[in-house]
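Note that the structure is predicted; figures quoted are calculated from it, not measured.
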Amino acid sequence: HLTLQRLRDELKEKNAQLEREIVERMRVEAVLRQSKRDLARAHAMAQLGNFRHDLRTGEIVWSRELCRMAGLGDEERTLDLEQVRKRIHSDDLPALDHAFQSVLNDGDSAALDIRLRLSDGSARHVHDQFEAVCDENGRAVQIFGTVQNIDERKQAEEALRESEERYRSLFDNNSSVMLVIDPETGDIVDANPAACSFYGYSHEELVGKKITNINILPRDQVFQEMERARSGSRKHFYFRHRLAGGDIVDVEVFSGPFRIQNRPLLYLLIHDITARMRAEEALRESEEKYRLITETSMSGIFSLDVHGN
């Protein structure tokens, strides 16, 4: 009787343990399913797909997100190498083949930007990154990789390139003297051909200088004026600049802040007003002489216009 009771107790305990294991397994499977859903959602949000290439069978499996990215529907697909190559822009195949062979030879990883060919004939820019999976003997048996949609990044890069080309064209071809300076350091970052001609330096010499090498104001005062230009509190300035030959010229400067690749800079549009300043000074001196003559002369002085009035 005691032996039977002990068997019943052991069976009851084993059943309870089995129930606990089943509950735990169900919990783990639920967590795993949720993890897979979260991963799929993250891949969709990041527009990130993946693939596995079995080197032994030649079978290539594209994830759901990669198929969606390539315009092949919303389900995982198994493809062969020829089908995959048809989906790659022909101009990108040589670079992809070279990277693939390097990974096979070195057992390393590779990353490159390529274009996927869509069914409508358009192309999608993607970043392809993959690595070899080796067996216990160190032999590559699989290639695993990720593919991310970078169309927006490429569009932004193209817009930036076009913007920089427009800036470069306007800057280089402008007949006005133009400088670009870093307001933090005073470094001359760029100078157009008109500036090089005006100051008498080569481009390399001019961009190797600071604005304080040219502006004859004390250094602290130059930085105060740059801060006014950077903050937008002042845009119009009068300075005296030193040329390469040592001559000092009067300049009128229009300046303001802008950014290149998120770097804060100042543009300087510079006009030589030396002749104007000399003419104004000569006029002031002439008027002063006239005033002194009229005030000190004992004779009567009068003026007539062309009509005798």
Side-chain angles (χ1 to χ4, degrees), residues 14 17-154 157:
K14 288 183 178 180
Q17 183 178 352
L18 181 60
E19 287 180 5
R20 289 194 296 271
E21 290 177 354
I22 291 173
V23 170
E24 177 62 17
R25 180 169 181 176
M26 291 176 65
R27 185 191 70 79
V28 170
E29 288 178 348
V31 169
L32 181 60
R33 285 194 298 272
Q34 184 61 47
S35 178
K36 286 183 177 180
R37 286 194 295 268
D38 290 345
L39 182 61
R41 187 177 296 112
H43 280 185
M45 291 173 65
Q47 300 187 70
L48 180 68
N50 62 74
F51 65 89
R52 297 186 313 276
H53 182 181
D54 191 320
L55 299 174
R56 294 163 296 192
T57 64
E59 189 176 80
I60 302 171
V61 179
W62 279 16
S63 71
R64 174 183 296 182
E65 184 58 32
L66 179 51
C67 289
R68 186 183 297 123
M69 203 182 303
L72 295 176
D74 291 335
E75 297 299 327
E76 181 178 278
R77 285 202 180 194
T78 300
L79 308 169
D80 59 35
L81 185 58
E82 189 58 33
Q83 289 173 314
V84 170
R85 290 180 66 84
K86 287 180 179 179
R87 287 286 167 178
I88 308 298
H89 196 288
S90 58
D91 291 346
D92 298 332
L93 283 172
L96 183 60
D97 289 342
H98 177 75
F100 185 81
Q101 197 60 47
S102 295
V103 168
L104 289 182
N105 293 340
D106 304 333
D108 203 354
S109 62
L112 71 165
D113 294 345
I114 59 173
R115 287 161 292 177
L116 292 178
R117 293 178 63 248
L118 307 185
S119 300
D120 61 3
S122 62
R124 171 159 292 153
H125 292 273
V126 296
H127 181 69
D128 188 10
Q129 187 166 346
F130 50 92
E131 62 182 14
V133 179
C134 299
D135 60 15
E136 61 276 6
N137 298 316
R139 184 181 59 183
V141 293
Q142 269 192 2
I143 298 292
F144 177 81
T146 59
V147 179
Q148 186 169 25
N149 184 352
I150 57 170
D151 263 345
E152 290 185 2
R153 192 192 85 189
K154 285 293 186 180
E157 289 175 352

Closest non-hydrogen atom pair between Ala140 and Leu104, with its separation: CB-CD2, 4.3 Å
Among Leu116, Val147, Ile150, which residue satisfies the side-chain contact (heavy atoms from CB on, under 4.5 Å) criterion with Asp128? Val147
At what distance, to the nearest 0.5 angstrom, does CG of Leu72 lie from CZ of Arg64? 14.0 Å
Please work out which of the three classes, parallel, tilted or perpendicular, describes the rings of Phe100 and His53, given edges at 30° and 60°. parallel
Taking every heavy atom of Arg117 against every heavy atom of Ser90, the minimum-distance pair comes out as CD-N, 4.5 Å
Are any side-chain N or O atoms of Arg124 and backbone N or O atoms of Met69, one a donor and one an acceptor, separated by less than 3.5 Å? yes
Ignoring hydrogens and angles, tell me if any N or O in the side chain of Asp80 forms a donor-acceptor pair with the backbone of Glu82 under 3.5 Å. yes
Please report the closest heavy-atom contact between Ser63 and Gly49, naming both atoms and the distance. OG-CA, 3.6 Å
Taken to the nearest 0.5 Å, the spacing of Gln142 CD from Leu55 CG works out to 7.5 Å
Between Asp54 (side chain) and Glu59 (backbone), is there a donor-acceptor pair under 3.5 Å? no
Taking all heavy atoms of His125 and all of Asn149, pick out the closest pair and write down the distance. O-OD1, 3.5 Å
Counting neighbours of NE2 on His89 that are heavy atoms of other residues, nucleotides or ligands and sit closer than 6.0 Å, is the number greater than 12? yes
Hey, which of Leu96, Thr146, Asn50 is the one that makes side-chain contact (heavy atoms from CB on, under 4.5 Å) with Phe130? Leu96
Mark yes when over 12 heavy atoms from residues, nucleotides or ligands other than Arg139 sit less than 6.0 Å from its CZ; otherwise mark no. no
Out of curiosity, Ile88 CD1 to Asp91 CG, how far, rounded to the nearest 0.5 Å? 12.5 Å
Distance in Å, Gln129 CD paired with Ser109 OG, rounded so as to fall on 0.5 Å steps: 6.5 Å
Approximate separation, where rounding is to 0.5 Å, of Gln83 CD and Arg77 CZ: 8.5 Å
Go through the steps to decide whether Arg56 and Asp135 satisfy the test salt bridge (Lys or Arg N to Asp or Glu O under 4.0 Å), and finish with yes or no. CA-CA 12 Å; Arg56 294 163 296 192; Asp135 60 15; over 6 Å; no
Shortest non-hydrogen contact between Ala110 and Val103, atoms and distance: CB-CG2, 3.7 Å
Between CD of Gln148 and CG of Asp113, what distance do you get to the nearest 0.5 Å? 10.0 Å
What are the two closest non-hydrogen atoms of Leu112 and Ala99, and how far apart are they? CD2-CB, 4.2 Å
Pairwise side-chain contact, Trp62 with Arg87, heavy-atom cut-off 4.5 Å (strictly under): yes
